[in-house]
Structure formats: C-alpha cells, structure tokens
S.K.: 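Here it is: the structure, laid out below.
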Number of protein chains: 2
Amino acid sequence: MTRQTSQARDRGIPEATVARLPVYLRALNGLAERGIATVSSEDLAASAGVNSAKLRKDLSHLGSYGTRGVGYDVDYLIYQISRELGLTQDWAVAIVGVGNLGRALANYGGFASRGFRIASLLDADPEVVGDRIAGLTVEHIDKLESVIRERDVSIVVIATPATSAQEVCERVTRAGITSILNFAPVVLTVPDGVDVRKVDLSIELQILAFHEQRKAVGAAGGPGGSAQVGPGIGPGAGNEWAEAVEA
Amino acid sequence: MTRQTSQARDRGIPEATVARLPVYLRALNGLAERGIATVSSEDLAASAGVNSAKLRKDLSHLGSYGTRGVGYDVDYLIYQISRELGLTQDWAVAIVGVGNLGRALANYGGFASRGFRIASLLDADPEVVGDRIAGLTVEHIDKLESVIRERDVSIVVIATPATSAQEVCERVTRAGITSILNFAPVVLTVPDGVDVRKVDLSIELQILAFHEQRKAVGAAGGPGGSAQVGPGIGPGAGNEWAEAVEA
DNA sequence: TTCTGTGAAACTCTTCACAGCA
DNA sequence: TGCTGTGAAGAGTTTCACAGAA
C-alpha cells in the first residue's frame, strides 16, 4: 500500500497544502505581470496571505525549487505549481443549471486562463434551453450523458435548485464523472472514489455571523470569557480576539 | 495556561465545528419539514454527511442537548444551533458589485430564511445604478458609507472585479465593518479584528483538477476503492475557498 | 550574509471506544 | 437496552528555530 511513483519523491501532498497552491499561483501570476522575476518566501507569503514558514513547508512538498539566499524564480515556480495541480492540461467542464448562478459561472473569466474549458451549459427548463450565454447555446438536460461522453467532460458543476441536485449527481456519476463542484444547498451522496466539493453561500454568511456575534458579546462579556487565543493578553486590555482570516 | 476543564460554559467552540453547524442546521430543517421530532446522532450525521462521533463531539461543544438512549429533539436542537450561530437576530447585508454574481447573490433565496436581509446593492457603473433587482434599487457606490451607517449594515459582500476589491474593503472597514465575504479573486488586506472569508470558484476547480489528475495517474492498478471523499467541510477548507466574477 | 528547507515541538481536529444515563 | 457525551489515542497541520546552501 505504500506508494511509490515514477519519481523518487513522495507524491503525498497534504490536503491543506493543495488547497493553498492555487492561492500561491494567483499571487505568483500577479508578480509575473509586474515583471518581478524572483521572490522570497517572505514576500510571496505576504502576497498570498499566509506566513512564510507555512509557505516554505508547502513548497517543500513539491520539491526544492528555491535558491537559498535568493528566493524562488517566479516563472519556474508558476510552472511547477501549475503542473502539480494539473493545470497544464485542458479540462472540459459542464455546468448543469443555468439560473442566475449558472450564468455568473458561465461568464466568469477565470476559467479559461487556468485550463478549464466550459464544454456545455445544460438546463431542464425549455424557456432557457436555446439561450446563448457566454458563446454557448444552452442544451437540454436530456443530453447530459451524451455531452459528457462525446466532449470528454471530466468535471461537472451543479448549479441547480436543491431538489434536482442529487438526481443530476447520480446521472453524472453513472456516466463516469468523479469530480463534482456542488453549489446546491444539499449534501450529495456519491459512490466511493467520487470527489465532491461544496460551495455554499449561506454557510459562509452563517460563519461570519457567528464571529460577528461573538465580537459583540465578548466586548461586554464578563471576566470568564477570555478568548482561546494567546495567553498573552491579560484581562482588562483589549477583549476582542483578533482573527483576521487573511493577513 | 489556564484551562476550564468543565466543558459546561467554555465558549471556545472550535473553528471546524463552527463551520459544520450550518450543515447540521440544514439537515435538521429538512427533518423538521418531514415531521421528524427526534433524531439519533447516527441518523443526523448521515443526513449531514459526517460521521456520528464527529457530530456528537461537535454538539457537545454547545452543551448537553441530547438524551441518552433516545437522541436529539429536532426543534430544540435547531433552536440551540441557531442561537449559537447568531441566526436568531437580523443581519443587514450590503452587496457591493452588481455583476452576474452580485445579481445571483441578490436573488439567492437562502439568505432571508436564515436571518440575513439584503439592505443594499451598490455598484459604480452608472449603467447599473437604478436597476431594480430582487426588489431593491441598485445604489451608487458613493453611498456606501451612509448606507452602512444608516441601515446598520454589519456584513458586506464584495462581488466586484479584483481591481476594486481592496479599495471597497478599505472603505467598509473604515466605516466600521468587521465581517466581509469576498468573492473577488484577490487576497484582501485588513486590520486586525476584521474577519474575511473568501469564496473562490476557480480555486475549488483547481483542487478538483488536482485530485482528478491524481486518479488518472495513480489509479492504474492502484489500491482498491480510492475512497477519499474530499468534501464535507474540510479543516483547511474552513478558510480557503473559491471565488467568482472577474472582468 | 541571506534565505531556503526541514526536523521537532506545539497545536488542532478526528476517530475510537466505552462509561454512564434514560 | 440504546444512545449520548467524552477521555484518550491518533492523524493532520502549523509554527518554531536553525542547519546549511548560495
């Protein structure tokens, strides 16, 4: 069960690291656009909103791509991260559900530049089928399986109402899809080996509300309510526990 | 390091738990609608897509709201979680940037039902200002500060292009906002005490692409069922998310 | 000297397994 | 008996701090 790959390096990159690589990539692209050729872990970390030790540890999982005393070559690092994420290849994506959100996604410019090509927009509503959006003609959901097969779709985005999401999910997994990005406010049940990521707007707002509430309460709270943060701040001083998620 | 062993009123709820409470809440609401009055940790966990030990541990941070040998009272648990998340109060939200995504957000029904009220839609484009969307008239960005002040806005959603996001961020934090949900593909710099959550669609897709690629490469003859359902609310996932809208 | 790469420590989160209550 | 609540073990992640390359 121990895995070894063609390369001697251990390919087990921590999930937390994978989730940050796209952030680094974006920061690096920004630097490249500004003509910056080399960057230190300190500076890149600042651009990406993490601390430098974490950044170095993350990058160390990919290999030794930096130069001690100097930093990282921006272009080279962009290439290495892109390759690691699989962005050097073309991914065909189908978007199911062309409501407000589906349209927003279809018009989002950040896909093509990262190797994602929208291969199809599908919807069940006859009113919507046939509309032209972002250069594509909306197709009927009946064609879901044939579109996936014929256009080599490997990632499906579900932007349907909650009630249809599970059914769409089952159809696409049956058609061989193993990567799904779900926007519908429902927990999808999928077979083993299928990777689902969920984006839920109202959940994000609820998490913000929790912290917002906490701030208000904590400010007036009693002595017992000291935060879990550092032991540093004593009582009496600032009570708000700062918690910028991003630097 | 002082440490109240008594779990009773320790208000330090783990971040990972907070991120899952909205999911439990959604599952519970589904049960309530179906007239189910009591639920076991096993069943609720299944509805929420987590394992039961995790669910029990999460709920134990709120207090002892279950009954041994029986389970949890659905309505009571809905109330307790809602209260913990601060959803029993009304939150005024302003959405800045009324492009495709801003419109999708404005029309998203999942807000109102959870105590979030859209108090204003703002945009810089004179073409858009004055449009009526989701029952609101789009206002000019010039009014940002006065809207926040006069309508008691506590959460701001940034759905502008990347180039404007930081400026909007600075204006709203100066106006006293400490909770921001950012959809612009950029890392915002904020003062301590300001909570930013980011949603970045292209990052989510890149993470999927990474795993998809991994499957293709390593799967050939690989270990039986790959398992690894990546979803749920990840740990690192808590903070890093995806985006949308650009030019 | 500067800055990377990395062991080790610290911390957080998940899972196990079972005591104990209804 | 059936199920919650929870210590304790385990796994994963972050941070520290410094050896060592350029």
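Excluded from the calculations below are hydrogen atoms, water molecules and symmetry mates; all remaining heavy atoms, backbone and side chain alike, are included. Residue numbers start from 1 in every chain, and the chains themselves are labelled A, B, ... in the order their sequence lines are given, proteins ahead of strands.
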S.K.: To the side chain of B:K54, which of D:dA19, C:dT14, D:dC16 is closest?
M.R.: C:dT14

S.K.: How many whole angstroms separate atom CD of A:E15 from atom C1' of D:dT14?
M.R.: 16 Å

S.K.: Quick check: on DNA chain D, is the nucleotide nearest A:T67 upstream (toward 5') of the one nearest A:D58, or the reverse? Name the residue that is more 5'.
M.R.: A:D58

S.K.: Mind calculating the distance between NZ (B:K57) and P (D:dA8) to the nearest angstrom?
M.R.: 11 Å

S.K.: Side chain of A:S60 only, please: which of C:dA22, C:dG5, D:dT14 is the nearest?
M.R.: C:dG5

S.K.: Using atom NE2 of B:H61 as one end and atom C1' of D:dG7 as the other, report the distance to the nearest whole Å.
M.R.: 12 Å

S.K.: Answer yes or no: is there a donor N or O on one side and an acceptor on the other, between the side chain of A:Q166 and the main chain of A:T189, under 3.5 Å?
M.R.: yes

S.K.: Could you check whether any side-chain N or O of B:S82 sits under 3.5 Å from a backbone N or O of B:I78, counting only pairs where one atom can act as donor and the other as acceptor?
M.R.: yes

S.K.: May I ask you to check whether over 12 heavy atoms, not counting those of A:E167, lie within 6.0 Å of atom CD?
M.R.: no

S.K.: So that I can tick it off, tell me whether B:E84 and A:R214 are bridged by a salt bridge, with the cut-off set at under 4.0 angstrom between side-chain N and carboxylate O.
M.R.: yes

S.K.: How do A:R56 and A:P14 order along DNA chain D: which one's closest nucleotide is nearer the 5' end?
M.R.: A:P14

S.K.: If the cut-off is 4.0 Å, is A:R20 near the phosphate of D:dT14, judged by side-chain N/O to OP1 or OP2?
M.R.: yes

S.K.: For A:Y72 and C:dT2, give me the distance from atom OH to atom P, rounded to whole Å.
M.R.: 18 Å

S.K.: Round to a whole Å and report the spacing from CZ of A:R68 to P of D:dA22.
M.R.: 8 Å

S.K.: OP1, OP2 of D:dT14 versus side-chain N and O of A:N51: anything below 4.0 Å?
M.R.: no

S.K.: Between D:dT13, C:dT15, D:dC3, which nucleotide has the shortest distance from any of its atoms to the side chain of B:A53?
M.R.: C:dT15

S.K.: Go through D:dG5, D:dT14, D:dT4 for me and flag the one nearest to the B:S40 side chain.
M.R.: D:dT4

S.K.: Quickly work out the B:L77 CG to D:dT4 C1' distance and round it to whole Å.
M.R.: 12 Å

S.K.: Take the protein atom CG of A:D43 and the nucleotide atom P of C:dT2, then report the distance between them rounded to whole Å.
M.R.: 14 Å

S.K.: Could you state the CD-P distance from A:E42 to C:dT2, rounded to the nearest angstrom?
M.R.: 13 Å

S.K.: So does A:S41 get a side-chain nitrogen or oxygen closer than 4.0 Å to the phosphate oxygens (OP1/OP2) of C:dT4?
M.R.: yes

S.K.: Can you name the nearest heavy-atom pair linking B:S47 to B:L31, along with the distance?
M.R.: OG-CD2, 4.4 Å

